[in-house]
Amino acid sequence: MRTFYIGDDVHLEDAGPEVAILVVGGEVDYEVSPQLKARIMRAIKAGARRLILDLSDVTFIDSTAIGVLAATLEKLDETGGGSLSVVCTHEKVIQIFEITGLDSLITVYPSREDALAAAATAG
Amino acid sequence: MRSPNNTAGASASELHVLARRSELGVARKYAEDVAQAFGLDEDSRYEFVYAVNEAVTNAIRHGASDEEDMIHMSIVADSERLTFAVRDRGTFVMPEVDGAETAAGGRGLALMASLVDEVDLHIDPGGTTVRLSKVRSSSIETARARAG
(Lines give C-alpha, C1' and ligand atoms only; values in the text may rest on other atoms or scores of the structure.)
Protein backbone atom coordinates (compact mmCIF):
# COMPACT_ATOMS: atom_id res chain seq x y z
CA MET A 1 0.00 0.00 0.00
CA ARG A 2 1.45 3.35 -1.01
CA THR A 3 0.84 6.25 1.33
CA PHE A 4 -1.16 9.17 0.01
CA TYR A 5 0.61 12.50 -0.45
CA ILE A 6 0.09 15.86 -2.12
CA GLY A 7 3.22 17.77 -3.05
CA ASP A 8 3.60 21.53 -2.99
CA ASP A 9 1.83 23.35 -5.81
CA VAL A 10 4.14 23.81 -8.77
CA HIS A 11 3.97 27.10 -10.64
CA LEU A 12 6.14 27.51 -13.72
CA GLU A 13 6.90 31.08 -14.74
CA ASP A 14 7.00 30.14 -18.41
CA ALA A 15 3.55 28.61 -18.22
CA GLY A 16 1.94 31.73 -16.74
CA PRO A 17 0.15 32.41 -13.47
CA GLU A 18 -3.03 30.59 -14.44
CA VAL A 19 -1.30 27.22 -14.78
CA ALA A 20 -0.83 25.22 -11.59
CA ILE A 21 0.47 21.69 -11.24
CA LEU A 22 -0.56 19.58 -8.27
CA VAL A 23 1.42 16.41 -7.67
CA VAL A 24 -0.53 13.63 -5.98
CA GLY A 25 0.62 10.14 -5.13
CA GLY A 26 -0.38 6.92 -3.42
CA GLU A 27 -3.90 5.69 -2.77
CA VAL A 28 -6.61 8.34 -3.04
CA ASP A 29 -9.68 7.14 -1.13
CA TYR A 30 -12.53 8.52 0.97
CA GLU A 31 -10.16 9.12 3.87
CA VAL A 32 -8.00 11.55 1.90
CA SER A 33 -10.23 12.88 -0.90
CA PRO A 34 -11.28 15.87 1.30
CA GLN A 35 -7.59 16.88 1.43
CA LEU A 36 -7.39 16.65 -2.35
CA LYS A 37 -10.51 18.78 -2.71
CA ALA A 38 -9.24 21.41 -0.28
CA ARG A 39 -5.93 21.70 -2.11
CA ILE A 40 -7.54 22.00 -5.53
CA MET A 41 -10.03 24.61 -4.32
CA ARG A 42 -7.20 26.57 -2.73
CA ALA A 43 -5.34 26.61 -6.05
CA ILE A 44 -8.46 27.84 -7.88
CA LYS A 45 -9.01 30.53 -5.25
CA ALA A 46 -5.41 31.63 -5.74
CA GLY A 47 -6.10 32.20 -9.43
CA ALA A 48 -5.27 28.93 -11.15
CA ARG A 49 -7.50 28.38 -14.18
CA ARG A 50 -5.62 25.64 -15.97
CA LEU A 51 -5.02 22.87 -13.48
CA ILE A 52 -2.77 19.93 -14.15
CA LEU A 53 -3.03 17.04 -11.71
CA ASP A 54 0.07 14.91 -11.92
CA LEU A 55 -1.18 11.50 -10.82
CA SER A 56 1.89 9.63 -12.11
CA ASP A 57 2.45 8.06 -8.70
CA VAL A 58 -1.22 7.36 -7.91
CA THR A 59 -2.01 3.64 -7.74
CA PHE A 60 -5.64 3.82 -6.62
CA ILE A 61 -8.39 6.43 -6.98
CA ASP A 62 -11.87 5.79 -5.62
CA SER A 63 -15.29 7.17 -6.57
CA THR A 64 -15.15 9.95 -3.99
CA ALA A 65 -11.93 11.25 -5.52
CA ILE A 66 -13.47 10.97 -8.98
CA GLY A 67 -16.29 13.10 -7.52
CA VAL A 68 -13.72 15.69 -6.44
CA LEU A 69 -12.36 15.88 -10.01
CA ALA A 70 -15.89 16.26 -11.41
CA ALA A 71 -16.63 18.95 -8.82
CA THR A 72 -13.43 20.75 -9.86
CA LEU A 73 -14.73 20.98 -13.41
CA GLU A 74 -18.02 22.39 -12.12
CA LYS A 75 -16.19 24.92 -9.97
CA LEU A 76 -14.07 26.08 -12.91
CA ASP A 77 -17.22 26.44 -15.04
CA GLU A 78 -18.98 28.43 -12.35
CA THR A 79 -16.06 30.79 -11.89
CA GLY A 80 -15.36 31.83 -15.44
CA GLY A 81 -14.02 28.72 -17.12
CA GLY A 82 -10.77 26.83 -17.16
CA SER A 83 -9.45 23.34 -17.68
CA LEU A 84 -8.41 20.30 -15.70
CA SER A 85 -6.01 17.80 -17.15
CA VAL A 86 -4.44 14.75 -15.64
CA VAL A 87 -1.07 13.08 -16.03
CA CYS A 88 -1.42 9.34 -15.61
CA THR A 89 -0.10 6.15 -17.15
CA HIS A 90 -1.41 3.64 -14.60
CA GLU A 91 -3.57 1.27 -16.63
CA LYS A 92 -6.04 0.53 -13.82
CA VAL A 93 -6.47 4.18 -12.83
CA ILE A 94 -7.17 5.06 -16.46
CA GLN A 95 -9.70 2.20 -16.54
CA ILE A 96 -11.51 3.86 -13.61
CA PHE A 97 -11.64 7.15 -15.55
CA GLU A 98 -13.18 5.24 -18.47
CA ILE A 99 -15.80 3.37 -16.41
CA THR A 100 -16.94 6.57 -14.70
CA GLY A 101 -16.92 8.58 -17.92
CA LEU A 102 -14.44 11.07 -16.52
CA ASP A 103 -12.19 10.46 -19.52
CA SER A 104 -14.76 12.28 -21.68
CA LEU A 105 -14.55 15.38 -19.46
CA ILE A 106 -10.81 15.68 -18.88
CA THR A 107 -7.75 14.98 -20.98
CA VAL A 108 -5.31 12.38 -19.75
CA TYR A 109 -1.68 12.90 -20.75
CA PRO A 110 1.17 10.41 -20.44
CA SER A 111 3.64 13.01 -19.15
CA ARG A 112 3.71 16.37 -17.41
CA GLU A 113 5.52 17.85 -20.43
CA ASP A 114 2.67 16.84 -22.73
CA ALA A 115 0.10 18.37 -20.37
CA LEU A 116 2.09 21.58 -20.08
CA ALA A 117 2.48 21.85 -23.84
CA ALA A 118 -1.27 21.51 -24.26
CA ALA A 119 -1.93 24.11 -21.53
CA ALA A 120 0.48 26.53 -23.21
CA THR A 121 -1.26 26.05 -26.57
CA ALA A 122 -4.67 26.59 -24.95
CA GLY A 123 -3.43 29.78 -23.30
CA MET B 1 -10.76 -8.63 14.37
CA ARG B 2 -10.43 -11.61 12.02
CA SER B 3 -11.97 -15.02 12.50
CA PRO B 4 -11.14 -17.70 9.94
CA ASN B 5 -13.35 -20.75 9.50
CA ASN B 6 -12.22 -23.44 7.11
CA THR B 7 -14.45 -26.33 6.14
CA ALA B 8 -14.06 -29.01 3.53
CA GLY B 9 -14.50 -27.59 0.02
CA ALA B 10 -15.08 -24.03 1.13
CA SER B 11 -13.48 -21.47 3.38
CA ALA B 12 -14.80 -18.46 5.22
CA SER B 13 -13.55 -15.64 7.39
CA GLU B 14 -14.82 -12.43 8.94
CA LEU B 15 -13.51 -8.98 9.75
CA HIS B 16 -15.29 -6.34 11.81
CA VAL B 17 -14.12 -2.73 11.78
CA LEU B 18 -15.36 0.59 13.11
CA ALA B 19 -17.17 2.77 10.58
CA ARG B 20 -14.21 5.09 10.15
CA ARG B 21 -12.51 6.32 7.00
CA SER B 22 -9.18 5.26 8.47
CA GLU B 23 -10.33 1.62 8.32
CA LEU B 24 -10.55 1.64 4.52
CA GLY B 25 -6.91 0.68 4.16
CA VAL B 26 -7.48 -2.24 6.55
CA ALA B 27 -10.45 -3.41 4.48
CA ARG B 28 -8.43 -3.21 1.25
CA LYS B 29 -5.54 -5.15 2.78
CA TYR B 30 -7.96 -7.83 4.00
CA ALA B 31 -9.55 -8.11 0.54
CA GLU B 32 -6.12 -8.23 -1.12
CA ASP B 33 -4.91 -11.01 1.20
CA VAL B 34 -8.06 -13.05 0.66
CA ALA B 35 -7.98 -12.58 -3.11
CA GLN B 36 -4.33 -13.60 -3.23
CA ALA B 37 -4.96 -16.69 -1.11
CA PHE B 38 -7.87 -17.57 -3.39
CA GLY B 39 -5.55 -17.34 -6.38
CA LEU B 40 -6.95 -14.42 -8.36
CA ASP B 41 -4.50 -12.97 -10.86
CA GLU B 42 -3.13 -9.43 -10.41
CA ASP B 43 -5.77 -7.70 -12.57
CA SER B 44 -8.63 -9.55 -10.92
CA ARG B 45 -7.24 -8.82 -7.46
CA TYR B 46 -7.11 -5.10 -8.22
CA GLU B 47 -10.70 -5.13 -9.45
CA PHE B 48 -11.91 -7.16 -6.48
CA VAL B 49 -10.17 -4.91 -3.95
CA TYR B 50 -11.48 -1.83 -5.74
CA ALA B 51 -15.08 -3.06 -5.56
CA VAL B 52 -14.69 -3.98 -1.88
CA ASN B 53 -13.35 -0.50 -1.16
CA GLU B 54 -16.42 1.04 -2.81
CA ALA B 55 -18.79 -1.16 -0.81
CA VAL B 56 -17.05 -0.37 2.49
CA THR B 57 -16.92 3.34 1.62
CA ASN B 58 -20.65 3.26 0.97
CA ALA B 59 -21.24 1.50 4.30
CA ILE B 60 -19.20 4.11 6.17
CA ARG B 61 -20.91 7.02 4.38
CA HIS B 62 -24.50 5.84 4.50
CA GLY B 63 -24.75 2.79 6.74
CA ALA B 64 -23.42 4.13 10.01
CA SER B 65 -24.83 6.70 12.39
CA ASP B 66 -21.42 7.50 13.84
CA GLU B 67 -17.83 6.26 13.96
CA GLU B 68 -18.60 3.82 16.77
CA ASP B 69 -20.89 1.75 14.53
CA MET B 70 -19.41 -1.41 13.12
CA ILE B 71 -19.02 -2.55 9.52
CA HIS B 72 -19.08 -6.32 9.14
CA MET B 73 -17.15 -8.03 6.37
CA SER B 74 -17.21 -11.71 5.57
CA ILE B 75 -15.73 -13.93 2.91
CA VAL B 76 -16.95 -17.16 1.47
CA ALA B 77 -14.88 -19.00 -1.11
CA ASP B 78 -15.50 -22.23 -2.94
CA SER B 79 -13.49 -23.78 -5.74
CA GLU B 80 -14.57 -21.23 -8.36
CA ARG B 81 -16.09 -18.20 -6.67
CA LEU B 82 -14.90 -15.70 -4.09
CA THR B 83 -17.68 -13.72 -2.40
CA PHE B 84 -17.13 -10.71 -0.16
CA ALA B 85 -20.07 -9.44 1.91
CA VAL B 86 -20.21 -5.99 3.51
CA ARG B 87 -22.96 -5.45 6.05
CA ASP B 88 -23.97 -2.28 7.83
CA ARG B 89 -26.92 -1.19 9.95
CA GLY B 90 -28.18 1.46 7.59
CA THR B 91 -31.05 1.59 5.16
CA PHE B 92 -29.88 1.63 1.59
CA VAL B 93 -30.59 4.94 -0.15
CA MET B 94 -30.45 5.21 -3.90
CA PRO B 95 -27.51 7.47 -4.73
CA GLU B 96 -28.25 10.99 -5.86
CA VAL B 97 -27.44 11.66 -9.47
CA ASP B 98 -27.50 15.44 -9.45
CA GLY B 99 -24.28 17.25 -8.74
CA ALA B 100 -20.80 16.11 -9.61
CA GLU B 101 -19.70 15.18 -6.14
CA THR B 102 -22.94 13.80 -4.72
CA ALA B 103 -23.10 11.42 -7.67
CA ALA B 104 -20.15 9.55 -6.17
CA GLY B 105 -22.51 6.88 -4.77
CA GLY B 106 -23.87 6.23 -8.24
CA ARG B 107 -20.35 5.99 -9.59
CA GLY B 108 -19.48 3.58 -6.82
CA LEU B 109 -22.28 1.22 -7.78
CA ALA B 110 -21.39 1.44 -11.46
CA LEU B 111 -17.77 0.68 -10.62
CA MET B 112 -18.68 -2.31 -8.47
CA ALA B 113 -20.89 -3.71 -11.23
CA SER B 114 -18.11 -3.24 -13.79
CA LEU B 115 -15.31 -4.75 -11.76
CA VAL B 116 -16.76 -7.92 -10.26
CA ASP B 117 -18.85 -10.70 -11.79
CA GLU B 118 -21.86 -10.27 -9.54
CA VAL B 119 -23.21 -7.60 -7.20
CA ASP B 120 -26.06 -8.56 -4.89
CA LEU B 121 -27.79 -6.00 -2.72
CA HIS B 122 -29.89 -7.26 0.20
CA ILE B 123 -31.91 -4.86 2.31
CA ASP B 124 -33.69 -5.89 5.49
CA PRO B 125 -34.93 -4.01 8.57
CA GLY B 126 -31.64 -4.65 10.34
CA GLY B 127 -29.39 -3.21 7.67
CA THR B 128 -27.94 -3.54 4.20
CA THR B 129 -25.67 -6.24 2.83
CA VAL B 130 -23.72 -5.93 -0.41
CA ARG B 131 -22.20 -9.13 -1.79
CA LEU B 132 -19.48 -8.95 -4.41
CA SER B 133 -18.47 -12.09 -6.24
CA LYS B 134 -15.47 -12.71 -8.42
CA VAL B 135 -15.08 -15.90 -10.42
CA ARG B 136 -11.68 -17.33 -11.26
CA SER B 137 -10.59 -16.24 -14.73
CA SER B 138 -10.18 -19.84 -15.77
CA SER B 139 -13.79 -20.48 -14.74
CA ILE B 140 -15.00 -17.61 -16.91
CA GLU B 141 -12.92 -18.86 -19.83
CA THR B 142 -14.31 -22.35 -19.37
CA ALA B 143 -17.88 -21.01 -19.31
CA ARG B 144 -17.24 -18.93 -22.43
CA ALA B 145 -15.75 -21.93 -24.20
CA ARG B 146 -18.81 -24.01 -23.32
CA ALA B 147 -21.17 -21.25 -24.47
CA GLY B 148 -19.30 -20.48 -27.64
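Chain identifiers are assigned alphabetically (A, B, ...) following the order of the sequence lines, protein sequences preceding nucleic acid strands; residue numbering begins at 1 within each chain.
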Validation row: B:T57, A:D29 side chains within 4.5 angstrom (heavy atoms):
no
Other residues, nucleotides, ligands: >12 heavy atoms within 6.0 Å of A:K92 NZ
yes
Tightest non-hydrogen contact, residues B:I60 and A:Y30, listed as CG2-CE2, 4.1 Å
Please say yes or no: joined through hydrophobic side-chain contacts below 4.5 Å, possibly via intermediate residues, are B:V49 and A:V93 part of one cluster?
no
Going only through I, L, V, M, F, W and Y residues with side-chain contacts under 4.5 Å, is there a path from B:V56 to B:M112?
yes
For A:I99 and B:S114, the nearest pair of non-hydrogen atoms, with its separation, is CG2-OG, 3.5 Å
Shared ILVMFWY cluster between A:Y109 and A:L116, side chains joined below 4.5 angstrom?
no
So what's closer than 4.5 Å to chain A heavy atoms on B:S22: side chain, backbone, both or neither?
both
Which heavy-atom pair separates A:G67 from B:R107 by the least distance, and what is that distance?
CA-NH1, 3.5 Å
On a heavy-atom basis, the closest approach of B:L24 and A:E31 is CD1-N, 4.1 Å
Contact between B:L115 and A:I96 at the side-chain level, heavy atoms closer than 4.5 Å - yes or no?
yes
Going from OH on B:Y46 to NE2 on A:H90, what distance comes out if it is rounded to the nearest 0.5 angstrom?
5.0 Å
Mark yes or no for whether B:Y50, through its side chain, and A:I61, through its backbone, hold a donor-acceptor pair below 3.5 Å.
yes
When clusters are formed by joining ILVMFWY residues with side-chain heavy atoms under 4.5 Å apart, either directly or through shared neighbours, do B:L111 and A:L55 land in the same one?
yes
For chain A, find which of B:E47, B:R20, B:R21 contributes the most heavy-atom pairs closer than 4.5 angstrom.
B:R21
